[in-house]
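All remarks here apply to the structure that follows.
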Amino acid sequence: MEDDKTIFSMIIDGEIPCHKVYEDDLVIAFLDINPFSTGHTLVVPKEASRTLDKLSDESSGALGRVLPRISRAILSATGAEEFNIIQNNGPNAFQSVFHVHFHIIPKLKDGRGLTFPFRSSPINHEEAEKLAESIRELLD
Ligand code: AMP
């Protein structure tokens, strides 16, 4: 059912774990479980909106305020100097989790990052926890 609680709402409610890099009253950010590159992070409003066009101004503003800051910390933690932000809305536009989110994807010097066709590989949880901690510490 479309209105079932999404996996991101379960993360926000603390029902399932994540490698958290940032949280405030309106936004949470955590490492993607199937990253395109090391440091691939999802920035998610706590408001359970399916697509960006349905999101409140308050949550939109909160996302906009933290995206550059979280991007900076990810670049510092990974050594990347370039990155993509992608945001998918609807199943035909590659959305698979129906709770608004922005992907921050470092473009690493070895070429890993967003490529066409999309290629990802499963996260290494031990490395991920260290990386998430490093991004948290680098947030200014
Ligand atoms: P999208 O295709 O834009 O909807 O992206 C959804 C993203 O959520 C994918 O990149 C998944 O790898 C990621 N994802 C799904 N479940 C989890 C999870 N439990 N923790 C972290 N990332 C997840």
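Bear in mind that the values here come from a model prediction, so they are computed numbers and not experimental data. Atoms considered below: every heavy atom in the structure, side chains included; atoms not considered: hydrogens, waters and symmetry mates.
Residues Gln87 and Asn89 are in side-chain contact: their nearest non-hydrogen atoms beyond the backbone lie under 4.5 Å apart. Under the 4.5 Å side-chain criterion, counting only non-hydrogen atoms from C-beta, His19 is in contact with His125. Residues Ile105 and Ile85 fail the side-chain proximity criterion, which asks for heavy atoms closer than 4.5 Å. Side-chain atoms of Ile70 and Leu139, non-hydrogen and from C-beta on, do get closer than 4.5 Å to each other. Counting heavy atoms from C-beta on, the side chains of Thr6 and Asp4 never come closer than 4.5 Å. Residues Leu55 and Leu52 form a side-chain contact, since some pair of their non-hydrogen atoms from C-beta on lies under 4.5 Å apart. Looking at heavy atoms from C-beta onward, Thr41 lies out of side-chain contact with Asp32 at the 4.5 angstrom threshold. In this structure, Ile28 and Lys20 have side chains that are in contact, with non-hydrogen atoms separated by less than 4.5 Å.
Among all heavy-atom pairs drawn from Pro106 and Ser37, the shortest one is O-OG, 2.6 Å. Nearest heavy-atom pair, Ala62 versus Val27, reported as atom, atom and distance to 0.1 Å: CB-CG2, 3.8 Å. Between Ala128 and Leu31, the shortest heavy-atom distance links the atoms O-CD1, 3.4 Å. In this structure, Gly113 and Lys107 approach most closely via the heavy-atom pair CA-CD, 4.2 Å.
Hydrophobic clustering of Ile, Leu, Val, Met, Phe, Trp and Tyr side chains at less than 4.5 Å, counting indirect connections, keeps Ile11 apart from Tyr22. Criterion: ILVMFWY side-chain heavy atoms under 4.5 Å apart, direct or through other members. Under it, Leu108 and Ile135 are not part of a common hydrophobic cluster. If you chain together hydrophobic residues whose side chains sit under 4.5 Å apart, Ile104 and Val44 never meet in one group. In the hydrophobic clustering of this structure, Val100 groups with Val66; members are Ile, Leu, Val, Met, Phe, Trp, Tyr whose side-chain heavy atoms approach within less than 4.5 Å, directly or through other members. Taking hydrophobic clusters as Ile, Leu, Val, Met, Phe, Trp and Tyr residues chained together by side-chain heavy-atom distances below 4.5 Å, Val97 shares a cluster with Leu42.
Remark: side-chain polar atoms of Ser134 are not paired, donor with acceptor, to backbone N or O of Lys130 under 3.5 angstrom. Side-chain atoms of Asn124 come within 3.5 Å of backbone N or O of Glu126 as a donor-acceptor pair. Between the Ser71 side chain and the Leu67 main chain, a donor and an acceptor come within less than 3.5 Å of each other.
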Enumerate, atom names and distances included, each donor-acceptor pair closer than 3.5 Å involving a side-chain atom of residues 76-83, sequence neighbours excluded.
unit_1: Ser76; atom_1: OG; unit_2: Arg72; atom_2: O; d: 3.2
unit_1: Thr78; atom_1: OG1; unit_2: Ile74; atom_2: O; d: 2.8
unit_1: Thr78; atom_1: OG1; unit_2: Ala80; atom_2: N; d: 3.2

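Atom CG of Asp110 sits in a crowded spot, with more than 12 heavy atoms from other residues, nucleotides or ligands closer than 6.0 Å.
Under a 4.0 Å N-O distance rule, the pair Glu58/Arg65 does not qualify as a salt bridge. The pair Asp25-Lys46 does not count as a salt bridge, with every side-chain nitrogen at least 4.0 angstrom from each carboxylate oxygen.
Put simply, CZ on Phe116 and CG on Leu114 are 5.0 Å apart, with the number rounded to the nearest 0.5 Å. To the nearest 0.5 angstrom, Asn88 atom CG is 10.0 Å from Phe98 atom CZ. Atom OG in Ser60 sits 7.5 Å away from atom CD in Glu47 (nearest 0.5 Å). Atom CZ of Arg112 sits about 8.0 Å away from atom OG of Ser120, to the nearest 0.5 Å.
When ring centroids are compared, His101 and His99 stay outside the 6.0 Å threshold.
No side-chain N or O of Gln95 forms a donor-acceptor pair with one of Thr51 less than 3.5 Å apart.
The aromatic rings of Phe8 and Phe30 sit perpendicular, their planes meeting at an angle over 60°, well past the 30° parallel limit.
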